[in-house]
A.B. asks: 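Input: one structure, supplied below.
All values derive from a computational prediction rather than experimental measurement.
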Amino acid sequence: MFRAASWSLRATKYCPKRLVEPARMFSVSAIRTEGFRLNSLDTFTEEENMFRDSVKRFAVDVVGPKVREMDEKESMDPTIIQGLFEQGLMGIETSSEHGGAEASFVSAIIAIEELAKIDPSVSVMCDVHNTLVNTILRKFGTKEQQGKWLPLLSESKLGSFCLSEPASGSDAFALQTRAKKDGDHWVINGSKMWITNSYEAEIFLIFANVDPSKGYKGITCFIATKDMGVQIAKKEEKLGIRASSTCTLNFDDLRIPAENIIGGEGKGYKLAIEILNEGRIGIAAQMLGLAQGAFDKAVPYTYQRTQFGQPIGTFQGMQFQIAEAAVELETARLLTYNAARRKEEGRSFTKEAAMAKYWASQVAQHVSGSAIEWCGGVGFTRETGIEKFWRDSKIGAIYEGTSNIQLQTIAKFIQQEYSR
């Protein structure tokens, strides 16, 4: 079993204060304060480095051989989902008390990035489950809710985040799904659209309005299970991330116990705003990993393919293109890691998350598209898997806030800073 051969998150309790000792001392110009040293953004704890190695092995050895088949079938292999749970990748930040790995937020970002280098479809499944579903329960759930649901989400049950609707995409709080009180239950009617993980999921976080007269202040978050009556109305056929399920859901008199409200009545919009800011760092990590995966596949080919008596990667025109792509990758990486560290440190990160998601999605499209061209006809075929990275990249500019929404968010922060 791969699990037995690899380092598992469950084997060691994560220690967030333990830093990797440098191999050599920095020059005397390094900035220091007592008990604290400034490090580069790609400095990680020992546990985070071990975690990266473990996820990378799982992605290469277990996910890699199934990528093309899952893409062609537009279906996630159940053994991949099981493997993610077995490796402790579905409860990364969740406490060990609730069956999780009790690791850092940066560890979750690392996992999303490494999985995306091999298959962005598997990456987004892990991302949504961790950064949206688990995080809402960890941050806003009662002790009873956490005790009931987090162990399931850590060990066996896939989660789905149900916010978007046919008439509420970027304007998420224009949702039309309604919930009415009926004794000790709430009855939900409506539909959701573009819902990730929904085909395989067994646990759903559903946003519905309990009092439309209050507008977005009536939006409430409910937790439901598939066997309560969640209906899969349609599974979308998509350009990219085909193995990741995206479905339309219908709720016809869906009865949910009152105890399944998360965060309180009318607090759903606050939950969604806060969680989606974190989720955008996850999408940035997915796009970063995707771009790196395309780069890693295409660049070696340019030094193997010979034309006019020399490898095509040694022609100056190709060298410049590859170098520019490497710079773009590094900038996306630094933006993503910076946003993740700021979030982990408890600092403001909304602007930084928007910047990371916006730029990483642009880089993913450019680098994956260039990778196809670098490999010529071979890159255009499905056999290499390079064209899949480009198809998968297009969603980065759309979900969890379009590129225009990210730019609008960034512009608001700039206006606040300079219009005082």
A.B. asks: Is Lys343 close enough and on-axis enough to Phe349, meaning under 6.0 Å and within 45°, for cation-pi?
C.D. replies: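 Not satisfied by the 6.0 Å and 45° rule.
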
A.B. asks: Give the minimum heavy-atom separation between Ala243 and Ser121, together with the two atoms involved.
C.D. replies: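 Result for this residue pair: N-OG, 3.5 Å.
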
A.B. asks: Can you tell me if Glu383 has over 12 outside heavy atoms packed within less than 6.0 Å of its CD?
C.D. replies: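 Check fails, neighbour count at 12 or below.
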
A.B. asks: To the closest 0.5 Å, what do you measure between OG (Ser104) and CD1 (Ile110)?
C.D. replies: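 The distance works out to 6.5 Å.
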
A.B. asks: Kindly compute the distance separating OG (Ser156) from CD (Gln82), expressed to the nearest 0.5 Å.
C.D. replies: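 If I round to the nearest 0.5 Å, the distance is 10.5 Å.
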
A.B. asks: Just so I know, are the side chains of Ser403 and Ser361 near enough to count as touching, which here means a heavy-atom distance under 4.5 Å?
C.D. replies: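 Yes, close enough: below the 4.5 Å cut-off.
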
A.B. asks: Going by an N to O cut-off under 4.0 Å, is there a salt bridge joining Arg242 and Asp392?
C.D. replies: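 Asp392 and Arg242: not salt-bridged.
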
A.B. asks: Under a 3.5 Å cutoff, is there a donor and acceptor pairing between the side chains of Tyr199 and Glu236?
C.D. replies: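 Side-chain D/A pair, Tyr199 to Glu236: absent.
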
A.B. asks: Under 4.0 Å between a Lys/Arg side-chain N and an Asp/Glu carboxylate O for Asp182 and Arg255?
C.D. replies: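 Yes.
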
A.B. asks: Using atom types as modelled and distance alone, determine if a side-chain donor or acceptor of Lys192 lies under 3.5 Å from a backbone N or O of Leu163.
C.D. replies: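 Looks like yes, one N/O pair under 3.5 Å.
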
A.B. asks: Compute the centroid of each ring, for His185 and then for Phe222, and state whether the two points are separated by less than 6.0 Å.
C.D. replies: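 Distance test on ring centres: not under 6.0 Å, no.
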
A.B. asks: Does Lys226 NZ have over 12 foreign heavy atoms under 6.0 Å away?
C.D. replies: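 Counting neighbours around NZ of Lys226, more than 12 heavy atoms of other residues, nucleotides or ligands fall under 6.0 Å, so yes.
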
A.B. asks: Report yes or no: do Gln231 and Asp252 form a side-chain donor-acceptor pair below 3.5 Å?
C.D. replies: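 On atom types as modelled, these side chains qualify, holding a pair under 3.5 Å.
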
A.B. asks: Indicate, with yes or no, if the rings of Phe207 and Tyr216 have centres closer together than 6.0 Å.
C.D. replies: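 Phe207 vs Tyr216: aromatic centres not under 6.0 Å.
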
A.B. asks: Run Arg57 and Asp53 through salt bridge (Lys or Arg N to Asp or Glu O under 4.0 Å) and show every step you take.
C.D. replies: CA-CA 6 Å; Arg57 288 195 297 271; Asp53 291 341; 5.2 Å; no

A.B. asks: Is the shortest distance from a Lys or Arg side-chain nitrogen in Glu69 or Lys73 to a carboxylate oxygen in the other one below 4.0 Å?
C.D. replies: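 Salt bridge present between Glu69 and Lys73.
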
A.B. asks: Check whether any side-chain N or O of Ser123 sits under 3.5 Å from a backbone N or O of Ile112 as a donor-acceptor pair, and report yes or no.
C.D. replies: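 Side chain of Ser123 to backbone of Ile112: a pair is present.
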
A.B. asks: Is the NZ atom of Lys270 crowded by more than 12 outside heavy atoms at less than 6.0 Å?
C.D. replies: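 Open: at most 12 neighbouring heavy atoms sit under 6.0 Å from NZ of Lys270.
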
A.B. asks: Between Arg391 and Glu387, is there a side-chain N and carboxylate O pair less than 4.0 Å apart?
C.D. replies: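 The answer is yes: the pair qualifies as a salt bridge.
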
A.B. asks: Strictly below 4.0 Å, N to O, side chains only: are Lys56 and Glu114 in salt-bridge contact?
C.D. replies: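 No, no charged N to carboxylate O under 4.0 Å.
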
A.B. asks: Nearest 0.5 angstrom please: Trp186 CH2 to Ile206 CD1, how far?
C.D. replies: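 Trp186 CH2 to Ile206 CD1: 14.0 Å, rounded to 0.5 Å.
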
A.B. asks: Would you say Lys235 has more than 12 foreign heavy atoms packed within less than 6.0 Å of its NZ?
C.D. replies: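 Yes.
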
A.B. asks: Mind checking side chain to side chain contact (heavy atoms under 4.5 Å, CB included) for Ala354 and listing every partner two or more places apart, or none if nothing turns up?
C.D. replies: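 Applying side chain to side chain contact (heavy atoms under 4.5 Å, CB included) to Ala354 gives Gln406, Thr409, Ile410.
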
A.B. asks: Run the numbers on Lys157 and Glu202 for salt bridge (Lys or Arg N to Asp or Glu O under 4.0 Å), then give the verdict.
C.D. replies: CA-CA 6 Å; Lys157 307 294 184 184; Glu202 296 182 68; 3.2 Å; yes

A.B. asks: Look at atom CD of Glu237 and say whether more than 12 heavy atoms of other residues, nucleotides or ligands are closer to it than 6.0 Å.
C.D. replies: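 Incorrect, the count does not exceed 12.
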
A.B. asks: Between Lys388 and Asp119, is there a salt bridge with N-O shorter than 4.0 Å?
C.D. replies: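 Judged by the 4.0 Å cut-off on N to carboxylate O distance, Asp119 and Lys388 do form a salt bridge.
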
A.B. asks: Using a distance-only test with no angle check, is there a side-chain donor-acceptor pair under 3.5 angstrom linking Thr402 and Asn404?
C.D. replies: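 No, because no side-chain N or O of Thr402 sits under 3.5 Å from a partner of the opposite role on Asn404.
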
A.B. asks: Near Gln415 CD, under 6.0 Å, is it more than 12 heavy atoms from other residues, nucleotides or ligands?
C.D. replies: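 At most 12 heavy atoms, drawn from other residues, nucleotides or ligands, come within 6.0 Å of this atom.
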
A.B. asks: What do the steps show when you test Glu345 against Arg342 for salt bridge (Lys or Arg N to Asp or Glu O under 4.0 Å), and what is the final call?
C.D. replies: CA-CA 5 Å; Glu345 293 167 0; Arg342 288 181 68 94; over 6 Å; no

A.B. asks: Would you check if Val210 and Lys180 make a side-chain contact, meaning some heavy-atom pair closer than 4.5 Å?
C.D. replies: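 Side chain of Val210 against side chain of Lys180, heavy atoms only: no contact under 4.5 Å found.
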
A.B. asks: Run the salt bridge (Lys or Arg N to Asp or Glu O under 4.0 Å) check on Glu113 and Arg52 step by step: do they pass?
C.D. replies: CA-CA 9 Å; Glu113 178 189 357; Arg52 185 185 294 275; 3.5 Å; yes

A.B. asks: Is there a side-chain contact (heavy atoms from CB on, under 4.5 Å) between Phe380 and Trp390 once you walk through the steps?
C.D. replies: CA-CA 10 Å; Phe380 196 68; Trp390 181 82; over 6 Å; no

A.B. asks: So, the side chain of Asn197 versus the backbone of Met125: is there a donor-acceptor pair under 3.5 Å, distance only?
C.D. replies: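 Present.
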
A.B. asks: Any salt bridge linking Glu278 with Arg280? Criterion: basic side-chain nitrogen under 4.0 Å from a carboxylate oxygen.
C.D. replies: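 Salt bridge flag = no for Arg280 with Glu278.
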
A.B. asks: How about NZ on Lys139, more than 12 heavy atoms from neighbouring residues, nucleotides or ligands closer than 6.0 Å, or not?
C.D. replies: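 For Lys139, atom NZ is crowded (more than 12 foreign heavy atoms under 6.0 Å).
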
A.B. asks: Quick one: does any side-chain atom of Asn277 pair with a main-chain N or O of Thr350 as donor and acceptor, under 3.5 Å?
C.D. replies: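 Here the side-chain-to-backbone pair does not exist.
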
A.B. asks: Would you say Gln146 and His98 are linked by a side-chain donor-acceptor pair, where the criterion is simply a distance under 3.5 Å?
C.D. replies: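 Side chains of His98 and Gln146: no pair found under 3.5 Å.
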
